[in-house]
Amino acid sequence: MDTYDAQTIEAKWQAVWEAEQAFSVPNPEPGAPRDPRKFYMLEMLPYPSGNLHMGHVLNYTLGDVVTHFKRRNGYQVLRPMGYDSFGLPAENAAIREGGSPREITERNIASISRQMRRMGWAIDWQREVSAHEPSYYRWTQWLFLKFLEHGLVYRKEAPVNWCPNDQTVLANEHVVDGRCWRCGAIVEARDMAQWFFKITAYADQLLADLDTIDWPERTKKIQTNWIGRSEGAEILFRVEELDLDIPVFTTRPDTLFGATFFVVAPESPLVDRLVEGTERADEVRAYARVAAARPTEERESREKTGVFTGRHATNPATGEPIPIWVADYVLMEYGTGAIMAVPAHDERDREFAEAFELPIVPVVSDDGTLVSSDRFDGLPWVEAKAAITEWLSGRGAAKPAVNFRLRDWSFSRQRYWGAPIPVVYCEDDGIVPVPEDELPVLLPEITDYRPKGQPPLAASEEFMNVTCPRCGGPARREADTMDTFVDSSWYFLRYTDPHDEHEAFARDLADYWMPIDQYVGGIDHAKGHLLYSRFFAKALNDFGLLGVREPFQRLFHQGWVKLAGKRMSKSQGGVSPDELVEQFGADPIRIYILFQGPADQDIDWTPDGIEATVRFIRRLWRVVHEAAERPASPEGVDTPLARKAHETIARVTDDIDRRFVFNTPISAVMELLNDLSKAPDDPAARFAAETAVSLLQPYAPHVCEELWGAFGRERLWQEPWPVADEALLERTTVQLVLQVNGKVRDRIEVPAGLPEDELIARAKASEKVQAHLNGVEPKAFVVPDKLVNLVV
RNA sequence: GCCGAAGUGGCGGAACUGGCAGACGCGCCGGACUCAAAAUCCGGUGCCCCUCGGGGCGUGCGGGUUCGAUCCCCGCCUUCGGCACCA
């Protein structure tokens, strides 16, 4: 037998898999019924920086174990791969180092693709897609047009998040603690005309349908918080002098009798109407202008500022006039941009009232019932919410209302390396969509990618100047490009029909494979990609293009691989999987990264112990070759080693399939190997060795394939997953734990299935137990076949 | 501030449904092989005490429920994450 040589073995089997396209799965014939054993396995696609990092290795190895496991259990597994290849890093690299984003991206794809193949992952490479290729973004543009057609895309002048460093607008989802998620620069508020997806139209469904999917609770919680549904009432406050009814949203209509003043956001168009022609107009407008322009951070410092407008509104409950103020603690984006202030029961209103000496009237007593609320006095506040809303609705002054925190998704970017937005601006016809048959709107090759106050595309006259598809007159193209999160909101659908030149994807193919049965990726995408994709699925379903309303049936988040406490990412050097693979081989790295701990927990990277994994494989190699010299184990052989092997099959299967844990199966195989090496003469030795190799195959497919050959067998990747023999899992004798007062005093071997009396009798017979009973007659607690606790 | 998750040997972790805490691996200690070392193999390894039979303590801290708690309940500490002037 040769010694274990990772490089040779891995090259050999990777060539075989490549030549056979061993992990490609064909699409069904048209009209074929859906195979109940179809399994769509997907990990989030990588951004193609030049190199894999250990986080990728964990993510895709985990997916690989599931892929092999499901394949060998008879599933038809779709497991594709692609590249999220538009985006800022390549563009910034081009600016910094020269070259074009396209060259850089394509070089990176070639590199990362080679590294992925070198890891031996079981991917259907025939379905590879890249977001930056016209054959892909043509359909991203087409989908944009569908959304536009259905009124789910619009362009609007609005305050948006501007990253001064990256020179582009950001979605709310990508502002983290007031900073750009990518570069960390402090984000500024700017009024700009931008393109939005109307994701808020689906707020209710995005929330409600969380109940229908098998996702981690914490992820559902993040989305729930982000969507931020509040139930309450919309109440009208009348400004008699102006014959104006101003609506406010409140979650506490029960406190209406305590509303002693009224506040309008500085950005609100109401400000002008309220003060127009009054002597306070200048002062109020000046405040509003300054307040609206204050940077977000400063605005969030809770120092209350504001100014009285001189106007009054009527509290519809009390009929009393209350003063209307303008203050920046009221946000234009939420609710109606105006509030009723109840200083007795709202902390912010209280601070404001104290600062400006406004009246504070408590209307809910300590026991939770209403006071100073006229006919509602004594009513519990929870009941009063509906009662007061109903009372006012009789007069047309209120109605039940729901409000969401979620904002529409701003997705236009003022940068180059993205899919052009397929519309033109015509002087006569306004915004005109590019006709479908003129797609794709190709991203032109330019040489200067630097943003200079306008998007780089705006400088390309050739690109910008077009004729209006509607009137034939002169028109200008949209110069903004799409957020890369648009690309990744539908890539999983393209995989089902990756080469289609006539449509984004055939509905029957998407419906055949969707939903994704198991999705794996980082929790950092909880409120971004994972929310956008859900929105896309629902919208496409409404357009009649897709059968499902939820794209990801089951979701798992792998933990972070950290280096000195920091998340590893493409931007960090330090640990290169490429070098590790060269030094140790792919199999040891694959086993090592999964053996570190539960895959959903963070890992502090240390290379200590990779050698141990190599040692484990060498030991497996040696023990298996020794066992392969022995005669085949008789069918159904019943020895301790045979039982251990069946027990290992049961454990590994349950761990991967039901528990979705990937570290303990490795331990289980190690235990089996330990037992095997201690009992090389056991008649089940060969069976135990075959079992160990077979069970480890999803983790270390190359060396296991090679070792399978030592048994004179081949194509382990196609071999059915082993099944444990139930009869051999049952124990004839069991170890009975004997406790006195809850402390273990003895362990004895007894036949399985003894009745409780007999177990108690045997427990009392133990000398070690008697020594602690002191002759007292104990009370007994029995767990059959496991434990007897005697209490004195 | 509100909401959520986690905390187990020197280290990574195991213990799945309230029933033997520490599987498996790293590290460390001892032994075999060797002129020697590496590699490999064998044995030991939670802490403390011990008359070598064993005994006590132990899963962040303090309480509780239970015959029995790493697991359930209450309070606290620490770390991490989400939301945050959201009416």
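The sequence lines fix the lettering, A, B, ..., with proteins before strands; numbering per chain opens at 1.
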Kindly indicate whether a cation-pi arrangement holds for [X] with [Y], taking the cut-offs as under 6.0 Å to the six-membered ring centre and within 45° of the axis.
{"X": "A:R554", "Y": "A:F660", "answer": "yes"}
{"X": "A:K304", "Y": "A:Y329", "answer": "yes"}
{"X": "A:K220", "Y": "A:W215", "answer": "no"}
{"X": "A:R252", "Y": "A:W381", "answer": "yes"}
{"X": "A:R615", "Y": "A:W621", "answer": "no"}

[N] phosphate, OP1 or OP2: any side-chain N/O from [X] under 4.0 angstrom?
{"X": "A:R659", "N": "B:A15", "value": "yes"}
{"X": "A:R622", "N": "B:C41", "value": "yes"}
{"X": "A:H345", "N": "B:A87", "value": "no"}
{"X": "A:Q601", "N": "B:A6", "value": "no"}
{"X": "A:K743", "N": "B:C57", "value": "yes"}

Categorize [X] for me: base, sugar-phosphate, or nothing, with a 4.0 angstrom heavy-atom threshold over every strand shown.
{"X": "A:R651", "answer": "nothing"}
{"X": "A:R658", "answer": "base"}
{"X": "A:N663", "answer": "sugar-phosphate"}
{"X": "A:D349", "answer": "nothing"}
{"X": "A:S230", "answer": "sugar-phosphate"}

Stacking check A:Y329 vs B:C85 (5.5 Å / 30 deg):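 Stacking between A:Y329 and B:C85: absent.
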N/O donor-acceptor pair, side chain A:N225 with base B:C83, under 3.5 angstrom: no
Side-chain donor/acceptor of A:K304 to base of B:C85, under 3.5 Å: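 Per atom types, the contact qualifies.
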Derivation of the side-chain hydrogen bond (donor to acceptor under 3.5 Å, both in side chains) call for A:Y532 and A:E173: CA-CA 10 Å; A:Y532 300 147; A:E173 287 75 15; 2.8 Å; yes
Ranges pairing with ranges for RNA chain B, where each run has three or more Watson-Crick or G-U pairs under 3.5 Å: B:1-7 with B:77-83, B:10-12 with B:24-26, B:27-32 with B:40-45, B:46-49 with B:54-57, B:60-64 with B:72-76
In B:G53, glycosidic geometry as syn within 90° of 0 or anti otherwise: syn
How many whole angstroms separate atom [atom1] of [X] from atom [atom2] of [N]?
{"X": "A:L210", "N": "B:G82", "atom1": "CG", "atom2": "P", "answer": "18 Å"}
{"X": "A:L759", "N": "B:C67", "atom1": "CG", "atom2": "P", "answer": "20 Å"}
{"X": "A:L236", "N": "B:A87", "atom1": "CG", "atom2": "C1'", "answer": "16 Å"}
{"X": "A:L594", "N": "B:G13", "atom1": "CG", "atom2": "P", "answer": "14 Å"}

side-chain hydrogen bond (donor to acceptor under 3.5 Å, both in side chains) between A:Y699 and A:D587, worked out: CA-CA 7 Å; A:Y699 290 83; A:D587 284 335; over 6 Å; no
